[in-house]
Amino acid sequence: MSPLQTAPSTAYTPLVKTWLALVGLTLISVLLSEYLHGDAWLQLLVAAIVWIKGDLIARHFIETRLAHPFIRRVTHAFVAFTPLALVLTAFFGKEFARIASL
């Protein structure tokens with residue numbers, strides 16, 4: 001198979017491995033929230049897990065590598081923006097609320 005694949009993959013093995021990784025990351029996030037409840041840096045770990053999960057979904061299930069470059073960039077920007085918004089809201093939530101209020 002060439003490195004520049006132009007058709008969607010029909011193999012189930014990479015999808016199953018990705019799904020298992022997503023389930024594992026979900027379980028890790030549940031354990032982190034249980035044992036690190038209230039720690040200041042927990043938001044950073046949650047944001048990292050969200051970014052990894054979003055990247056896995058974009059690459060393996062949405063198959064952004066086959067999409068038009070504009071769509072690929074928009075999708076990756078969204079995947080990167082979401083954890084950034086989580087961290088900024090966690091650490092600067094009052095300032096964002098003050099900006100957004102009338």
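Just so it is clear, the values below take in all heavy atoms, side chains as well, and ignore hydrogens, waters and symmetry mates.
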**Student:** Run the side-chain hydrogen bond (donor to acceptor under 3.5 Å, both in side chains) test against S33 and tell me which residues pass, sequence neighbours left out.
**Tutor:**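 None.
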**Student:** Side-chain heavy atoms nearer than 4.5 Å, only ILVMFWY residues, links allowed to pass through others: does that put I28 and Y35 together?
**Tutor:**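 No.
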**Student:** Under the side-chain hydrogen bond (donor to acceptor under 3.5 Å, both in side chains) rule, collect the residues that match up with S29, sequence neighbours excluded.
**Tutor:**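 side-chain hydrogen bond (donor to acceptor under 3.5 Å, both in side chains) check on S29 returns nothing, list empty.
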**Student:** If you count every heavy atom of other residues, nucleotides or ligands that lies below 6.0 Å from F91 atom CZ, does the total exceed 12?
**Tutor:**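 Correct, the count exceeds 12.
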**Student:** Going by the salt bridge (Lys or Arg N to Asp or Glu O under 4.0 Å) test, which pairs reach into residues 44-54, not counting sequence neighbours?
**Tutor:**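 Listed once each, the pairs would be none.
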**Student:** Should F61 and F78 be counted in the same cluster of Ile, Leu, Val, Met, Phe, Trp and Tyr side chains packed under 4.5 Å apart?
**Tutor:**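 F61 does not cluster with F78.
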**Student:** Restricting to pairs with a member in residues 82-96, which pass side chain to side chain donor-acceptor pair (under 3.5 Å), not counting sequence neighbours?
**Tutor:**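 Passing the test, one end in residues 82-96: no pairs.
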**Student:** Any idea which heavy atoms bring R65 and R72 closest together, and the distance?
**Tutor:**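 For R65 versus R72, the nearest heavy atoms are O-NH1, 3.2 Å.
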**Student:** Do W41 and L84 belong to the same hydrophobic cluster, where Ile, Leu, Val, Met, Phe, Trp and Tyr are linked whenever their side-chain heavy atoms lie under 4.5 Å apart, directly or via other members?
**Tutor:**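 Yes; L84 is reachable from W41 via cluster members.
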**Student:** Answer yes if V23 and V30 sit in the same cluster of Ile, Leu, Val, Met, Phe, Trp and Tyr residues linked by side chain heavy atoms under 4.5 Å apart, and no otherwise.
**Tutor:**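 The answer is no; the residues belong to distinct hydrophobic clusters.
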**Student:** Which value, rounded to the nearest 0.5 Å, describes the distance between L36 atom CG and Q43 atom CD?
**Tutor:**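 One gets 10.5 Å once the value is rounded to the nearest 0.5 Å.
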**Student:** Do L22 and I57 come close enough that some side-chain heavy atom pair is under 4.5 Å?
**Tutor:**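 Touching, per the 4.5 Å side-chain cut-off.
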**Student:** Can you measure from CG (L20) to CG (L15) and round to the nearest 0.5 angstrom?
**Tutor:**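 That separation rounds to 11.0 Å.
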**Student:** Find the distance between CG (L86) and CH2 (W51) and round it off to the nearest 0.5 Å.
**Tutor:**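 Nearest 0.5 Å value for the CG-CH2 distance: 14.5 Å.
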**Student:** Mind checking what makes side-chain hydrogen bond (donor to acceptor under 3.5 Å, both in side chains) contact with R59, not counting sequence neighbours?
**Tutor:**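 Only D55 meet the side-chain hydrogen bond (donor to acceptor under 3.5 Å, both in side chains) criterion with R59.
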**Student:** Do you know the tightest heavy-atom contact between V87 and A47?
**Tutor:**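 Result for this residue pair: CG2-CB, 3.4 Å.
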**Student:** According to a 4.5 Å side-chain heavy-atom criterion applied to Ile, Leu, Val, Met, Phe, Trp and Tyr, with indirect links allowed, do V79 and I71 form part of one hydrophobic cluster?
**Tutor:**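 In one cluster: no.
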**Student:** F70: what forms a side-chain contact (heavy atoms from CB on, under 4.5 Å) with it, not counting sequence neighbours?
**Tutor:**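 For F70, the residues satisfying side-chain contact (heavy atoms from CB on, under 4.5 Å) (neighbours in sequence not counted) are H68, V74.
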**Student:** Would you indicate whether F81, at its atom CZ, is surrounded by more than 12 heavy atoms from other residues, nucleotides or ligands within a distance under 6.0 Å?
**Tutor:**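 Count not over threshold, so no.
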**Student:** So do the side chains of L42 and L32 get within less than 4.5 Å of each other, counting heavy atoms only?
**Tutor:**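 Answer yes - side chains close enough.
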